[in-house]
Amino acid sequence: MEWKGIKGTVLKDVPMKRYTSMRVGGPARLLLYPADRYDLAAMIGHMRDTGIPYRFLGNGTNVIVSDEGIKEALVRITKMNRLHFTKTAGGSIAEVGGGYSLKRFINECARRGLAGLEKLYWIPGSVGGGIRMNAGSFGQSISDTLTGVDIINEKGEIIERQINKEEFGYRASPVGRRDCVISARFRLRTGDAAQLQKDMDYVYSERKKNHPMEYPSAGSVFKGVGGRAAWWFVEEAGLRGYRIGDACVSEKHTNFIVNLGHARARDIAALIGKIKEEVFARLGVRLEEEVELWGFNG
Ligand SMILES: Cc1cc2nc3c(=O)[nH]c(=O)nc-3n(C[C@H](O)[C@H](O)[C@H](O)COP(=O)(O)OP(=O)(O)OC[C@H]3O[C@@H](n4cnc5c(N)ncnc54)[C@H](O)[C@@H]3O)c2cc1C
């Protein structure tokens, strides 16, 4: 296959266990790293013309790829990682690339004494993945301070969008599956750098205490239901520590499935199915996945 005029990198048959935090998953047929936004537009055009389906992969911290792999090409925009601050009355506007690490971005904001994202500290994704998922923690969501995004759509058009907060919901955003968030603007207010660091230290220590950070995982597996956190339902269904192969409901936090070492994606998918079944049978509640399962339906 020809990738004429493409400046970025094109890799073939790349095992996804290396690119996802769950550390499972077979090969992606193609893994693409566009050099810049115009290169990405060209790649999208090429895939559209040649009928190659594709998805965007951030840091792979919210996806589980099947053992058989995935037929779509995966596009990673790690090279779109610029960060720029513009002072405003009462704070700054941060313009950040979609491929930038969320954790690093929050550190950079705190260092400059800019508040508004500190409670999302240590969410291990990228800025683009965080916006698509409307990542949140400790009562703060990424959409709270987001004012605009630049998106490349499936036609390869670059669109600058203002953000209407109403369009975001709990782990839901208006970013479509074919849209790539290439950069984002956040309105951050002036705060106290030392206090922000304290807030972030607190967030980190709470995470360390409550999350099984010592094992590979994809974070929370299910969405909460009716204002109640999903871990409660899994706990009530008696599934703490329940295990299929090396896939295990964490003892520390029952909405996490951890990989104890050699879990396969099919073990994790089977465990997700088991949890849904048991929670429905015992509590009459249908849990819905927060994680995305890729490549499981052919
Ligand atoms: C230990 C751990 C703790 C976690 N804690 C939290 C938490 O507290 N709160 C929380 O909300 N989440 C949490 N997560 C889940 C995860 O980190 C977030 O959902 C994160 O925002 C995903 O970002 P990512 O870059 O890894 O996206 P990926 O997992 O790579 O992708 C997720 C989705 O975003 C899409 N996507 C990725 N990049 C882009 C882009 N540039 N443009 C458009 N779409 C894109 C993908 O196609 C996919 O649909 C946790 C995960 C782990 C492993």
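In each ligand, atom 1 is the first atom listed, and ligand 1 is the first ligand listed.
Nearest protein heavy-atom contact of atom 31 (O) of ligand 1 is Val63 CG1, 4.0 Å.
Only the side chain of Arg171 comes within 4.0 Å of ligand 1, judged by heavy-atom distances. Neither the backbone nor the side chain of Arg177 has a heavy atom within less than 4.0 Å of ligand 1. Only the side chain of Ile77 comes within 4.0 Å of ligand 1, counting heavy atoms alone; its backbone N, CA, C and O stay farther away. Looking at Val181 against ligand 1, both its backbone and its side chain come within 4.0 Å, counting heavy atoms. With a 4.0 Å heavy-atom cut-off, ligand 1 is reached by the side chain of Met133 but not by its N, CA, C or O. At a heavy-atom cutoff of 4.0 Å, ligand 1 is contacted by the side chain of Ser21 but not by its backbone. No part of Ser220 comes within 4.0 Å of ligand 1, judged by heavy-atom distances.
Where the criterion is an N or O separation shorter than 3.5 Å, residue side chain and backbone included, Phe256 fails it with respect to ligand 1. Between Asn59 and ligand 1, at least one N/O pair is under 3.5 Å apart. Residue Gly58 has at least one nitrogen or oxygen atom sitting less than 3.5 Å from a nitrogen or oxygen atom of ligand 1, judged on distance alone. Taking only nitrogen or oxygen atoms, main chain and side chain alike, Arg207 reaches within less than 3.5 Å of ligand 1. Where the criterion is an N or O separation shorter than 3.5 Å, residue side chain and backbone included, Gly98 fails it with respect to ligand 1. Polar contact check, Asn62 against ligand 1: a nitrogen or oxygen pair lies under 3.5 Å apart.
A salt bridge does not link Glu108 with Arg104: none of the charged nitrogens is closer than 4.0 Å to a carboxylate oxygen.
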task = Take Asn107 and Met200 through the side-chain contact (heavy atoms from CB on, under 4.5 Å) test and state the conclusion after the steps.
result = CA-CA 9 Å; Asn107 259 322; Met200 283 155 54; 3.4 Å; yes
key: Worked verdict on Leu40 versus Phe56 for side-chain contact (heavy atoms from CB on, under 4.5 Å)   = CA-CA 11 Å; Leu40 172 59; Phe56 300 103; 4.2 Å; yes
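The contact set between ligand 1 and Ser126, taken as ligand atoms under 4.0 Å from a residue heavy atom, comprises 23 (O), 24 (P), 25 (O). In the vicinity of Glu292, heavy-atom distances shorter than 4.0 Å reach the ligand 1 atoms 33 (C), 48 (C), 49 (O). Interface of Gly136 with ligand 1, defined as ligand atoms under 4.0 Å from a residue heavy atom, comprises 7 (C), 8 (O), 9 (N), 10 (C), 11 (O).
Taking the centre and axis of the six-membered ring of Tyr54, the NZ or CZ atom of Arg177 falls outside the cone set by 45° and 6.0 Å. Under a cutoff of 6.0 Å and an axis angle of 45°, Arg286 and Phe280 form a cation-pi pair.
We find the CZ-CG distance between Arg185 and Asp150 to be 4.5 Å, quoted to the nearest 0.5 Å.
In this pair, Tyr100 and Phe105 present their aromatic rings perpendicular. The plane angle is above 60°, beyond the 30 to 60° band.
The closest approach between any non-hydrogen atom of Trp294 and ligand 1 is below 4.0 Å.
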